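Right, one structure below, let's go through it.
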Number of protein chains: 4
Amino acid sequence: MTPRQAPDLPPTAAADLPAKPKRVRLVPEVRRQQILDAALIEFGALGFTAASISKIAARAGTSKANLYVHFANKDEIFESLLKVLLVPTNSIWRPMQPGQDMQASIDAYVDELFGGLTPQSMAIMRLLIAESHRIPALANRWYEQTIVPTKVEQQQHIDAYVAAGQLRKTPLSDYFGFAMAPVLYAAIMQMVFGGQIAESESHKAKETLRKLLHMMLPAVAAS
Amino acid sequence: MTPRQAPDLPPTAAADLPAKPKRVRLVPEVRRQQILDAALIEFGALGFTAASISKIAARAGTSKANLYVHFANKDEIFESLLKVLLVPTNSIWRPMQPGQDMQASIDAYVDELFGGLTPQSMAIMRLLIAESHRIPALANRWYEQTIVPTKVEQQQHIDAYVAAGQLRKTPLSDYFGFAMAPVLYAAIMQMVFGGQIAESESHKAKETLRKLLHMMLPAVAAS
Amino acid sequence: MTPRQAPDLPPTAAADLPAKPKRVRLVPEVRRQQILDAALIEFGALGFTAASISKIAARAGTSKANLYVHFANKDEIFESLLKVLLVPTNSIWRPMQPGQDMQASIDAYVDELFGGLTPQSMAIMRLLIAESHRIPALANRWYEQTIVPTKVEQQQHIDAYVAAGQLRKTPLSDYFGFAMAPVLYAAIMQMVFGGQIAESESHKAKETLRKLLHMMLPAVAAS
Amino acid sequence: MTPRQAPDLPPTAAADLPAKPKRVRLVPEVRRQQILDAALIEFGALGFTAASISKIAARAGTSKANLYVHFANKDEIFESLLKVLLVPTNSIWRPMQPGQDMQASIDAYVDELFGGLTPQSMAIMRLLIAESHRIPALANRWYEQTIVPTKVEQQQHIDAYVAAGQLRKTPLSDYFGFAMAPVLYAAIMQMVFGGQIAESESHKAKETLRKLLHMMLPAVAAS
DNA sequence: AATGAATGAGTTTTCATTCAT
DNA sequence: AATGAATGAAAACTCATTCAT
């Protein structure tokens, strides 16, 4: 894990190109995507208000005015950005694969969960936490249409395993979504403290989650 | 639980008093506290950058210029605010009281943990998540001097109970700090989604935590 | 000569035009020059600190914000201004023309020297005296690249005349640059006292300089 | 000669005394003088507008509010300061002493003239040049009551010497006040360019003045 | 579609000055 | 006489947004 929010952002693309290609005309979708890419970096590092249109434009390699050709205003850029980001879900949590032995499958899943804590996914989390009030409808829609179905599907898998006697019934098997809590916890530690502290706290949270999940294993307990 | 971050802030004190009491002179501590109170509301609702000195001053019932009599600049206000907020820790997590029967004690503790999720404590959390990069030293100091000692003391209590046979050894008794994860999870749900969603997610996290803790109970398992 | 520094500045251009022509778009060079013109008046009359960006913008007939489109900050405006002003030198002092008889030539030169004391050139002098510490490099460069060459060329002319026996060797022919002293003296008198006093002192300094220069005349002495 | 205007001012008196003597009550004249001393340093280094009441107060070792007990406002401080400074004239220029031989006397006088160019006297000059418009009456009074009498007395001495055949009649003996021009010239060079340049220009101006004055010597000419 | 120039509204901060003690 | 607290006015500067080409 890298340090938390570091406002020493990667330099603008424009910085690399002193000879600026005058007036490149792009199809709207391409331009829009360039702008959103730039916006993610800036918003993610600085938050909505502290991020500036100038910087986004510079990073996107175009002019401020051109942002307004593609988006109505700053809010719309933000909203479009999150609309894109929230669609695919950083949908990491897939249930264990049947082929593997069960414990290995759990271990892999735990690794996958915590492995999803990339700088980018954390930037998105921070944006959601700090600025979701700007996009309440979007956030709720994301919850209803992405989070809930994922959780439901996941829970169905677990329930099926439990019914089949392949997993024992524990509080975690009853509400498997609980597994997100330690992941979020690790993310927050990273955002707030960074460095050593985050590493240590994340590790403990992860291992405890692993052991709790192992308690769902049928035969004899684990690690 | 009330709705999440609502930038329809309570109106300024001054708004109520069109006839402003000219030149109230206060001792510095009082005035500073008034300013910090106002600052918490504004920073908490809007974040550092979006909060404005003008609004803080208005809310504190004094002039912009007077803020600069008591604080060097906006950053110092923010830092002073967090310095105060982070000292006492909303140190909620106290171990179970010996008198009670153990299960009731655990239940009380869980209620206390989630009961600590007041609008104010959540405003602080959001500030920490969104703006801790402004006060890295403070945040780390808080972790070292407040979080760590609290966790250590807590874990010692648990360990003692386990050694005395009053609690069973489980992954949670091994790392009791894990209990913070679902609390944080509930807080984030509140911040990001608010309303129904938060309520429901919080409830599930809380009850799962409760059941997990009950697994530490000695005799026969719980709920 | 007019009165010295009169902070009753000529009114802003905008003052005359209550119906402001919306959004005049100019090429940068033109706009920059307008701003610098306004800046000269304001800086010249009030000095760097007392001059204000608002007033300069108003006088230039544009918005404050637009000044920042063309210049990075107040200092840069000041520096750009002086860079322009110091380049061409108020390069007045040219040696006597061969055609004329020598005495007439000297007299013309003296008149030219003191005639260069326009309000504008004096505003520049005052700026240099009061604010040159803001632009040490510029000032020194101006000295090296403009003052020195001019003086050198001038001295060479004089030396040639002396060598040719057309002028006598006197302390003034040895260091002809000395002639600037009474001019500066007149300027300072004007800046500090203005009116009658300046007029009288200038006159005396000028006539004395003239007589001293006449002492370089070969045949019989002068006035 | 030291560098020109150096806004690295000597530190405030208060800086030396962390334990501040609470509420020292002084007789008005003493306090006034302390304030004026501080004001000279600040105004002299920064000019009227850039100098600040806070700094003057701090340097004087008292409170801002107390300045307003002794002076009506910033302008009055400035005016009082110059009233004091302009009274005694750093009126150095005294005619040659009879005892000495004439040439030595002239040389001593020239040295004295240029020796009067102390940092302090130059600060005053700069103030006069940059800010005399704030105190037109004072400046004129100073001219009438101090400069003029001094010059008149001086000229009378010269005239007497010329009448007595001890000095020859030259343009400089006709208007001896001209001698101030090269001194002012040296001062301005120092203010504008400082360092090497000022030194060199001052030297040339001084030596030329010396030689011009030597031309008043009766017998055979000098150096 | 693209953009350089332009701007109104707002930002943080400073300053000379005043009030209450 | 002295001062800490208070403040209105203004300063420099920024920003999201718009206009004209």
Side-chain angles (χ1 to χ4, degrees), chain A residues 20 22-28 30-32 49-57 62-75 77, chain B residues 20 22-28 30-32 49-57 62-75 77, chain C residues 20 22-28 30-32 49-57 62-75 77, chain D residues 20 22-28 30-32 49-57 62-75 77:
Chain A
K20 55 175 170 180
K22 277 280 184 184
R23 284 212 169 222
V24 213
R25 186 186 187 120
L26 301 175
V27 287
V30 173
R31 244 306 124 76
R32 275 181 71 97
T49 307
S52 87
I53 290 288
S54 297
K55 294 257 193 66
I56 294 173
T62 186
S63 68
K64 260 187 298 180
N66 199 23
L67 294 212
Y68 288 88
V69 172
H70 295 277
F71 299 93
N73 51 38
K74 195 181 181 185
D75 291 76
I77 297 178
Chain B
K20 54 175 170 180
K22 272 283 182 178
R23 280 213 178 216
V24 234
R25 185 203 185 100
L26 300 176
V27 290
V30 173
R31 183 65 73 175
R32 275 179 72 97
T49 306
S52 88
I53 291 288
S54 296
K55 295 259 191 63
I56 294 174
T62 188
S63 67
K64 256 184 298 181
N66 200 25
L67 294 211
Y68 288 88
V69 171
H70 296 277
F71 298 92
N73 50 41
K74 196 181 179 183
D75 291 76
I77 296 179
Chain C
K20 54 176 171 180
K22 273 282 183 182
R23 280 213 177 216
V24 231
R25 186 203 184 99
L26 301 175
V27 291
V30 173
R31 184 64 71 172
R32 275 180 71 97
T49 307
S52 87
I53 291 288
S54 296
K55 294 261 192 64
I56 294 173
T62 188
S63 67
K64 255 183 298 181
N66 200 24
L67 294 213
Y68 288 90
V69 170
H70 296 278
F71 298 93
N73 50 39
K74 196 182 178 182
D75 290 76
I77 296 179
Chain D
K20 56 176 169 179
K22 277 279 184 183
R23 285 209 168 226
V24 212
R25 187 184 186 121
L26 300 176
V27 287
V30 174
R31 238 317 116 77
R32 276 181 69 98
T49 306
S52 87
I53 291 287
S54 297
K55 293 256 193 66
I56 294 173
T62 187
S63 68
K64 260 187 297 180
N66 199 24
L67 294 210
Y68 288 87
V69 171
H70 296 278
F71 299 93
N73 50 38
K74 195 182 182 184
D75 291 76
I77 296 178

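Source: prediction; values computed, not measured. Reminder, nothing fancy here: chain letters follow the sequence lines and each chain counts from 1.
- Using a 4.0 Å heavy-atom cutoff across all strands shown, A:P28 reaches no nucleic acid atom at all.
- Using a 4.0 Å heavy-atom cutoff across all strands shown, D:A51 reaches sugar-phosphate atoms only and no base atom.
- Taking only side-chain atoms of C:Y68, from C-beta outward, the nucleotide of E:dG8, F:dA6, F:dA12 with the closest atom is F:dA12.
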Can you give me the N/O atom pairs linking the protein to nucleotides 19-21 of chain E at distances under 3.5 Å, or say none if there are none?
| from | atom 1 | to | atom 2 | distance (Å) |
| --- | --- | --- | --- | --- |
| E:dC19 | O4' | B:R23 | NH1 | 3.4 |

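- Each side-chain hydrogen bond (donor to acceptor under 3.5 Å, both in side chains) pair with one or both residues in residues 65-75 of chain A, not counting sequence neighbours, appears once here: A:T62-A:N66.
- Taking for each of B:A72 and C:K64 the nucleotide of DNA chain E with the nearest heavy atom, the 5'-most of the two is the partner of C:K64.
- One finds a side-chain N or O of D:R31 lying less than 4.0 angstrom from the OP1 or OP2 phosphate oxygen of F:dA2.
- Proximity note for D:I53 (side chain, C-beta onward) versus E:dA1, E:dT17, F:dT18: the nearest is E:dT17.
- Between A:S52 and F:dT14 there is no side-chain N or O to OP1 or OP2 distance below 4.0 Å.
- Under 4.0 angstrom from either OP1 or OP2 of F:dA6 there lies at least one side-chain N or O belonging to B:H70.
- Nucleotides of DNA chain E nearest to B:K74 and C:V69 differ in position, and the one nearer the 5' end is that of C:V69.
- The phosphate of E:dT3 (OP1 or OP2) has a side-chain N or O of A:T62 nearer than 4.0 angstrom.
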(request) For DNA chain E, produce a single dot-bracket line, 5' to 3'. Pairs: Watson-Crick or G-U wobble, both distances under 3.5 Å. Symbols: ( ) within strand, [ ] crossing, | other strand, . unpaired. (result) .||||||||||||||||||||
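- Between F:dA1 and D:N66, no contact under 4.0 Å exists linking OP1 or OP2 to a side-chain N or O.
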